[in-house]
Structure formats: structure tokens, C-alpha cells
Amino acid sequence: SATATTSPPRRDFISVTLSPEAGVLSGYNNSKAWRRRSCWRKWKQLSRLQRSIILFLFAALAVCGVISYTSVGEPWKSLTNKSLDDQRTEPEIPGLKLANPAVLPAPQKADANLGDYPELSPQKPLKLPHGRRGPSNLQIKPPQRDVRLKMQQDTSRIVEEPVQAKKEEKTEKSVISWRGAVIEPDQSTEPPSSKIKEPEKHSSVEAEEQKEPVPITERQLAVIEAFRHAWKGYKEFAWGHDELKPLSKSYSEWFGLGLTLIDALDTMWILGLKEEFEEARKWVANDLVFDKNVDVNLFESTIRILGGLLSTYHLSGDSLFLEKAKDIGNRLMPAFRTPSKIPYSDVNIGQGTAHPPRWTSDSTVAEVTSIQLEFRELSRLTGDEKFQKAVDEVMKHVHTLSGKNDGLVPMFINTNSGQFTHLGVYTLGARADSYYEYLLKQWIQGGKKENDLLEDYMRAIEGVKKHLLQRSQPKKLTFVGELAHGHFSAKMDHLVCFLPGTLALGAHNGLTADHMKLAEALIETCYQMYAQVETGLSPEIVHFNLHAQKGHKDVEIKPADRHNLLRPETVESLFYMYRFTGDKKYQDWGWEILQNFNKYTRVPTGGYTSINNVQNPSNPEPRDKMESFFLGETLKYMFLLFSDDIDLINLDKFVFNTEAHPLPIWVAA
Ligand code: DMJ
């Protein structure tokens, strides 16, 4: 530019003079006065521009300082508050440690597991959910939540904290809601490849509170009525005992531990029966004592008592139930003291001794492999690894055993040798059923990272397809038979009707769409096991006709098998099928079943009874016993089946144990 040629630009610069003499001459004179004088002199030697630049730099630094304080300060503040909070919420239960994070396996993405399984492919889109809804349907308004919970819910990140008893107590009021509808945000997991849309994430509690409640349906009200009727009988004639005998207006004992009451706790919570729940809670607090010289079956007491207490703890946030769960969990541990670590079937919970049945040293395969969800959860909650270690060891051992047939397991396992016994007989019914169910459910519980479980499950379903599936005549119903030493038998236990629900759950969690197809076929069969019978109630066991014969239905019933114990499996599967497809026919089928229970098993003075003859509507021969699973499972699944609220025990947050007690799915990152 012209200016540049006529008048050379003045170069302003800041010079910093490092004077070696200064130190030497003054003997490293570092006195404050000297430094002040020398700085001042230096400052005065600077040009005005140099001084302005320095002042500007200082001003800029000051502004940056203020900005960074406000943005960094808040998180620090909340971090500090959080740690104080944590300190305040140390567990109160004596001996109850904080959950050891090591117990919770590190989460892993679902698809990370799929690599090993070429046949695993994401499920094809199913029908979109029926009645999508936002909020939980709170029949009874939950108590006001506290501020801390609000803050947790405000965060969009979902983090699972180890549950701490005192923390639960502190937040008890805020977490408690009726019908299990308020689920702590930290109990959520990574969404599976679900075709049902995830509930919308709300950024504030206010938004959540504004969500429209899902109205309770007429059919749900009918279930509540049925439950109340059953409870009336139990309360009047069997309070605190194991099972109601509704005809003789008395009770029977199995373990003497109030089995029906404990099994029914979370059902009451889910149905919103507040008064009944409070009364039962009082019994648990004051009268439930495990220090008793009594033999209990490890499996039955785990799924009903330990499972029932754990799920009630999760739904209610009441640490009483965790204390009791811990007590019974510890008392069951002697069962694992065997040469093979395969547990004995029976434990004396007062004496701390365990033994196999009198006639054998074998245990039932389904029993030793269907206690894992409960013991693993107990470890997670207490921080005591011993529970999980014991049951994981069983699974690892069974995983490696020979004697399987394309993933199908025999029915017995020896507690000394650890080997399968009575080889060659394969069923999905009694003694093997829930082995298959728990393979999938443990995999889901643990965040879908335990590949051995998934592998065993996938193999087993392939084994079912290869060896046990057949079609009946005349309706060509797909059913699961049994294999005995190479011979196929067209016999199917009602117990097998858990399978369609389990298959659907697997498909919902990203397993192959074939499983859903099979589930659809099998649930139709299970429904026909009711529909083709005179009372509209299924017998315990059916035999399917493989060849068409004039005047014969698909289903044949042998005299010894025509009883009905009020079992849940078909209703359970109907619930899963409705949740995942939204097809109303499943609700209609369940409704028919409920009506037939009311017609043939309801005892006017209170309670329901199992019956001896489903083929005789004029005299179904009441057996005078109401099994605890009628309240624990059958009516619970009915209520959930008739609900249009996917948040009423959200299947992406909870996994049901084999006694229908929902336990949280551990968080996947
Ligand atoms: C229940 O105790 C459980 O569902 C178990 O897995 C099988 N038997 C009964 C119900 O039929």
C-alpha cells in the first residue's frame, strides 16, 4: 500500500529482558520491594500500545475465568452433592453390603453376541403395539416423589445404581406406586430390537405426571374380583398357611411358610390391592419366620419365596422384603454342599442341612437350573457373590455335560458324579421345562452377554424342532411331544405351554423370527387343549392324534391325566403373545379361560379349587386345593394379558421368574 512505502509501519512489540546480572549483582535479590520497583520500572518503559495489549490480555483472562467457573462449577457441585447423598444412603440392614459392581457383569451390546450365530437375525417387524401409551396406569396414586428422585428422572441417561437398602428406605415413599407402575429409571436397560415402541422418554417429572393413565379394562376388573374371591377364602380359612382347602374350609402345609401369601404379594401390588397388601405385609413383618426345623424343596422355595420376596421388594421399595429374601437365601445355601456342586433337592432351613430325596441321589435337571435368576439377583442386591457363584457354577457345569441330544437335556442329574442320569428321555414338560426357560431369561437378565446361555438355548430350540415337533390330526396343530430312547410319543404336558411365551420373548429380544412363528403355532395348540375339552379347561396332560380318525379330535385325554391344577402356563404365553403382537384374539382366549375357571373351579364360600375331571362339566370333581401359583401366576398373567399398558411390568425392564415374579433386567450400557 502507499502508506507502507511513504511511512514504514511502526512495530510495537513487548520485550522481555532476562537480565542474568540481576540475580548475580544483587546476590539474587528477591526482596518484594525490589521486585515491585523493578516491575513498575519495566511497566513505565512500555509503550502505550504495549500496556493496552497487556491490560486487554488480563481482562480477557478474567472473562474466561468467570465463564469457565459457571459451566464447570455446576457439575462439580452436583458431583459433590451426589457423593454426599451416597454417603447418606449407606445400607441400614446389618451385614448388608453395597452391591459389588463386579457381581453385575459389564454390559454388552446385544448384537455383539450375534456374531457367533449366523442363524440369529433381527426379527421381522411385527404388528405395532396396540394402545400405545405414555404413562403407567396408576390405579392408586403414588405418593409424592422426592426431589432427589425427580433429579434422577430428569436425566436422560439411564444408569443403574446398585440397590442400597437404606437408599431404598429413604426414597421408599417416592419409589412406591401401585401395580408396579413406577419403575425406577435406573432399572431400565438397553432397548432390545423390539417391535413395540419404547415408551417415550420424558425429560421431566411434570411431563410424566401429565401422561394419560391407561384405563383399567372390564376384564381386568373381573380378574381383581376373582383375586378378591380367592383371597377371601385364603384369609378366612388358611391365613398364614401354605394352601387353602376351600371346600373343607381349612388349609394344607407344605413348608409351613405361608406360601400362598408370599406368592401373592406382588400380584396384589400389581392389581392395586392396597389394603390386602398392607395386611399381608404385616404378616411378613411379624409372623414369617424361617428359623424352623423344616425340610423345604430348594427349587420350589426359591421360585416362590425368594422370587416373591425379591420382586415385591423391587415393586414396593420396602426393605423388609429384601431382609427376608436375604434370610431365606442364606438358609438355602447348604443345598450346594455336594460333591459335584449340583445342589440337593431338599434343605432343612432351620438346621442348615441338605439332602437328596430318600430314594435317590439324583436331582431334577429343571430344578437345579431354574434357581439362577433369583440367586443372581440376590447377589446383585446384597453385594455377596456367593449366591451367584453357586448357581452360575451349576449352569457352567451343565453347559459342558455330555448326554444332551441336540441341546435337549435328560431329566435327572446326579449330585455325586455331576452327570446326567436316566439318559435317553427328552421332554419340555415336567422335570426339564424351566431349564430351557431360564437359559433365555438369564441371558436377558444379565444384559444379553452370557453367550453360553444363548448358545444352549438356541441349540435346544433346534433340538425341539428336530426331535419333538409334530402335527396333529385333523386340525394339524403343531405340538411338542416327547422322545424316549428314540421313540416319539405324542404326549404333551400342559407345563409345555410356557414355551410359546418364552419363544416370543426371545424373538422380542432379537432372536430369529422363526421362533415367533413357532410361538404362534404352539399357542394355538395350547388354546385348543382348553377349547377341545368339555369344560373348556385343559387337562394336565394330553395326547395328540397323529392320524385322522372319524369322530376324533386332535386332543385325547387319558383318565389319569384329566385333572386341572389351575396352572398358569397357557395364560402366561397368551400374555406374552398379546404384548408382542397386539392381536386381540389372545385376550379373547384368555377371557374364555377365566370364565371357565369361574364356572368350574370357583368355590362359593371363597377360593378356587383344582379339579379332577375336566371332561365332566356336571361334576368336575373338585379336589379341595388352591395352589399358590393360582394367585402368584395365573391371575397375575390374566390381569397383565387384559391390560393395554406396556409399562405395567415393562418386558424391557423386567424378566419374570418361572413363578411369575418380575425381577429387574440388569442394565446394559
Ligand atoms: C409353578 O410353580 C411354576 O410355574 C413352575 O415352573 C412349574 N409349575 C408351577 C405352575 O404350573
Side-chain angles (χ1 to χ4, degrees), residues 230 242-244 252 254-255 257-267 296-311 345 363-375 391 409 411 427-442 480 492-503 505 526 529-530 537-542 561 563-576 590 593 597 601 608-611 614 623 625-638 640-641 655-663:
D242 283 344
E243 292 127 351
L244 168 69
S252 55
W254 189 5
F255 309 143
L257 295 172
L259 214 50
T260 295
L261 189 149
I262 299 176
D263 229 358
L265 282 168
D266 58 4
T267 306
V296 303
N297 174 284
L298 170 70
F299 162 74
E300 297 292 357
S301 51
T302 298
I303 64 169
R304 301 184 198 214
I305 299 175
L306 180 55
L309 292 168
L310 287 174
S311 72
S345 59
S363 284
T364 296
V365 169
E367 292 195 358
V368 301
T369 55
S370 310
I371 48 179
Q372 279 67 15
L373 291 177
E374 299 81 359
F375 278 95
V391 293
V409 289
M411 296 190 288
T427 173
L428 259 80
R431 298 191 182 276
D433 48 0
S434 44
Y435 160 73
Y436 304 101
E437 179 188 349
Y438 268 37
L439 287 174
L440 179 78
K441 288 183 172 178
Q442 285 175 83
V480 183
M492 180 165 152
D493 292 355
H494 182 271
L495 287 170
V496 182
C497 289
F498 82 92
L499 186 59
T502 298
L503 287 168
L505 181 66
C526 289
M529 286 164 63
Y530 287 70
L537 291 175
S538 169
E540 179 74 357
I541 299 169
V542 299
D561 305 331
H563 49 288
N564 178 299
L565 304 184
L566 312 170
R567 285 197 191 276
E569 290 77 17
T570 296
V571 182
E572 169 186 351
S573 285
L574 287 171
F575 156 64
Y576 284 104
I593 294 171
F597 276 136
T601 71
Y608 288 74
T609 178
S610 41
I611 53 174
V614 292
R623 276 192 161 192
K625 183 161 171 178
M626 185 173 78
E627 300 280 349
S628 80
F629 50 69
F630 183 62
L631 300 192
E633 298 195 69
T634 312
L635 291 181
K636 184 189 288 152
Y637 282 131
M638 287 268 189
L640 295 172
L641 163 66
V655 61
F656 284 93
N657 86 340
T658 192
E659 189 76 7
H661 298 304
L663 299 173

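Indexing begins at 1, ligand by ligand and atom by atom, following the structure's order.
Taking the ring-ring contact (aromatic ring centres under 6.0 Å, His included) definition, one finds that Tyr576 meets it with nothing, sequence neighbours left out. For Tyr435, the ring-ring contact (aromatic ring centres under 6.0 Å, His included) test picks out no residue, with sequence neighbours left out. Every residue meeting the side chain to side chain donor-acceptor pair (under 3.5 Å) condition with Thr658, not counting sequence neighbours, appears here in chain and number order: Glu437.
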Below 3.5 Å only, please: the N or O atoms of ligand 1 paired with protein N or O atoms, distance on each line.
residue	atom	partner	partner atom	Å
ligand 1	2 (O)	Arg304	NH2	3.4
ligand 1	2 (O)	Glu659	OE1	2.5
ligand 1	4 (O)	Glu633	OE1	3.4
ligand 1	4 (O)	Glu633	OE2	2.8
ligand 1	4 (O)	Thr658	O	2.7
ligand 1	6 (O)	Thr658	OG1	2.7
ligand 1	11 (O)	Arg567	NH1	2.6
ligand 1	11 (O)	Glu569	OE2	2.6

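For the 3.5 Å distance criterion, the side chains of Asn657 and Glu374 qualify, holding a donor opposite an acceptor. Side chains of Thr570 and His494: a donor on one and an acceptor on the other come within 3.5 Å.
Ring pair Tyr436/Phe498: centre-to-centre distance not below 6.0 Å.
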